[in-house]
K.L.:
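Dumping the structure here so I can ask a few things about it.
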Amino acid sequence: MFNTIKFLTVQKDCRLVIVDSRELVQRELASFSGNQAARAFLEEAITAAVLFGGIHDFHTKFSFLYRFGKNEKIFCEIKQNNLSLEYSEKMNEEDFELESWLNRPAILSITTGNWQTGLHTGTVAFLNKRPGEALTGFSLQSEQLLSEFLISQEQPTSGILLQGMPFVEKSALADIRQQVLQKQELPLANWLVAGEELGRVLWQKKVE
């Protein structure tokens with residue numbers, strides 16, 4: 001069963017990636033023992049990683065590193081449609097305070113590519129941003145594309161990446177965003193039908 005869908009809008013001016021990461025989260029956080037705030041942050045990191053990989057069709061190796069300090073980090077990698085997650089052991093502590101990390105200057109490093117085409121890394125600095133917000137900033141700064149990661153803190157295993165093409169009109173992108181938000185709570189399988197009014201399905205894939 002697929003867990004990721006990619007759409008192209010009717011006017012071919014916007015791409016959408018829709019993700020349901022529940023199975024990935026259950027596997028990667030099977031041994032997690034920390035508090036709910038830390039867990040939700042890691043769930044969002046997994047969802048955001050699959051969204052970003054999906055917009056690039058998972059054609060290359062992709063990894064991101066959130067570094068909050070010398071030894072405080074979250075690392076997520078997708079290679080050949082397989083996801084892996086590493087995170088600092090501090091996040092497993094019941095009294096871990098997520099805000100203490102978010103209030104520090106941090107960096108996000110994204111690496112894409114393979115050994116044939118070469119590996120390319122981009123880095124942005126940020127402060128007090130969740131994974132989806134940090135990746136939205138990275139896409140705007142490094143890829144120069146109007147992108148938005150829509151991930152609810154209440155349901156961080158579901159996410160949508162809305163990315164406008166270079167020629168998209170901002171008003172058209174705003175209209176698409178409004179339509180997407182109205183469907184945000186839909187189960188992933190329902191998007192195959194509900195998304196028809198937005199555009200056509202480019203592919204359905206499963207990240208494992």
Side-chain angles (χ1 to χ4, degrees), residues 1-25 27-28 44-65 75-85 108-124 131-132 134-151 156-168 172-173 176-177 179-180 183-184 186-196 198-208:
M1 180 66 175
F2 59 90
N3 55 16
T4 312
I5 307 174
K6 187 175 184 179
F7 284 91
L8 181 66
T9 56
V10 173
Q11 299 300 324
K12 300 181 179 180
D13 55 358
C14 184
R15 298 180 295 182
L16 299 169
V17 178
I18 321 295
V19 166
D20 180 343
S21 67
R22 283 176 297 176
E23 290 185 3
L24 293 170
V25 163
R27 183 192 71 209
E28 294 299 318
E44 183 176 336
I46 291 172
T47 301
V50 179
L51 288 171
F52 191 91
I55 207 69
H56 297 286
D57 300 321
F58 305 113
H59 284 161
T60 62
K61 173 184 174 182
F62 158 72
S63 67
F64 71 75
L65 172 68
F75 178 77
C76 191
E77 180 178 77
I78 299 177
K79 185 177 181 181
Q80 297 178 341
N81 280 27
N82 291 293
L83 180 141
S84 61
L85 177 74
L108 169 65
S109 296
I110 303 285
T111 300
T112 58
N114 52 48
W115 297 115
Q116 286 73 39
T117 62
L119 296 174
H120 308 279
T121 300
T123 300
V124 295
L135 277 167
T136 292
F138 177 88
S139 297
L140 290 170
Q141 182 173 321
S142 298
E143 300 190 327
Q144 298 183 347
L145 291 172
L146 292 172
S147 304
E148 184 175 6
F149 289 73
L150 302 170
I151 306 173
T157 57
S158 297
I160 302 168
L161 172 52
L162 176 67
Q163 185 177 81
M165 304 301 282
F167 54 85
V168 68
L173 190 61
I176 294 167
R177 184 182 188 276
Q179 293 180 62
V180 166
K183 298 175 173 58
Q184 190 172 12
L186 289 177
L188 185 67
N190 292 21
W191 273 90
L192 294 176
V193 175
E196 289 180 353
L198 290 169
R200 64 184 178 91
V201 175
L202 295 177
W203 49 249
Q204 307 163 38
K205 294 185 179 182
K206 183 173 184 178
V207 177
E208 300 186 86

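Treat the numbers as computed from the prediction; the structure is a model and nothing was measured. Numbers for residues simply follow the sequence, beginning at 1.
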K.L.:
Taking the six-membered ring for Trp, are the ring centroids of Phe52 and Phe64 within less than 6.0 Å of each other?
P.N.:
no

K.L.:
Could you state the interatomic distance from CG (Leu16) to CD1 (Ile55), rounded to the nearest 0.5 Å?
P.N.:
7.5 Å

K.L.:
Determine the minimum heavy-atom distance between Leu162 and Cys14, stating which atoms define it.
P.N.:
CD1-SG, 3.2 Å

K.L.:
One pair to check against side-chain contact (heavy atoms from CB on, under 4.5 Å): Arg177 and Leu150. What are the steps and the verdict?
P.N.:
CA-CA 10 Å; Arg177 184 182 188 276; Leu150 302 170; 4.0 Å; yes

K.L.:
Between atom CG of Leu85 and atom CG of Leu24, what is the distance when rounded to the nearest 0.5 Å?
P.N.:
10.0 Å

K.L.:
Give the C-alpha distance, both sets of side-chain angles, the deciding distance and a yes or no for side-chain contact (heavy atoms from CB on, under 4.5 Å) between Ile110 and Leu135.
P.N.:
CA-CA 9 Å; Ile110 303 285; Leu135 277 167; 3.6 Å; yes

K.L.:
Can you name the nearest heavy-atom pair linking Ala194 to Leu186, along with the distance?
P.N.:
CB-CD1, 3.5 Å

K.L.:
Rounded to the nearest 0.5 Å, what separates atom OG1 in Thr112 from atom CD1 in Ile78?
P.N.:
12.0 Å

K.L.:
So Lys183 and Asn190, do their side chains get closer than 4.5 Å, heavy atoms only?
P.N.:
no

K.L.:
Is the Trp203 ring parallel, tilted or perpendicular to the Phe58 ring (thresholds 30°, 60°)?
P.N.:
tilted

K.L.:
Kindly compute the distance separating CZ (Phe7) from CD1 (Ile176), expressed to the nearest 0.5 Å.
P.N.:
12.5 Å

K.L.:
If you compare all heavy atoms of Glu44 against all heavy atoms of Gly132, which two are closest, and at what distance to 0.1 Å?
P.N.:
OE2-N, 3.0 Å

K.L.:
Measure across Asp13 and Ala172 and return the closest heavy-atom pair with its distance rounded to 0.1 Å.
P.N.:
OD2-CB, 4.0 Å

K.L.:
Checking side-chain contact (heavy atoms from CB on, under 4.5 Å) for the pair Trp191/Asp20: CA distance, chi angles, key distance, verdict?
P.N.:
CA-CA 11 Å; Trp191 273 90; Asp20 180 343; over 6 Å; no

K.L.:
May I ask you to decide if Asp57's main-chain N or O and Lys205's side chain share a donor-acceptor pair within less than 3.5 Å?
P.N.:
yes

K.L.:
Side chains of Ser21 and Thr47: donor-acceptor distance under 3.5 Å anywhere?
P.N.:
yes

K.L.:
So, for Ile151 and Gln184, which heavy atoms are closest and what is the spacing to 0.1 Å?
P.N.:
N-NE2, 4.5 Å

K.L.:
Please answer whether the main-chain N or O of Leu65 pairs with a side-chain N or O of Ser109 as donor and acceptor at a distance below 3.5 Å.
P.N.:
no

K.L.:
Give a yes or no on whether Gln179 atom CD has more than 12 heavy-atom contacts from other residues, nucleotides or ligands under 6.0 Å away.
P.N.:
yes

K.L.:
I'd like to know whether Val17 forms a side-chain contact (heavy atoms from CB on, under 4.5 Å) with Gln163, so could you lay out the CA-CA distance, the side-chain angles of the two residues, the decisive distance to 0.1 Å, and finally the verdict.
P.N.:
CA-CA 9 Å; Val17 178; Gln163 185 177 81; over 6 Å; no

K.L.:
Among Glu208, Met1, Lys206, find the one that has a side-chain contact (heavy atoms from CB on, under 4.5 Å) with Glu23.
P.N.:
Lys206

K.L.:
Out of curiosity, Leu51 CG to Ser158 OG, how far, rounded to the nearest 0.5 Å?
P.N.:
10.0 Å

K.L.:
Quick one: CD on Gln204 to NZ on Lys6, what's the gap to the nearest 0.5 Å?
P.N.:
14.0 Å

K.L.:
Ignoring hydrogens, what is the shortest heavy-atom contact between Lys12 and Leu8? Give both atom names and the distance.
P.N.:
CG-CD2, 3.7 Å

K.L.:
Under 3.5 Å, side chain of Thr136 to main-chain N/O of Phe149, donor-acceptor pair present?
P.N.:
yes

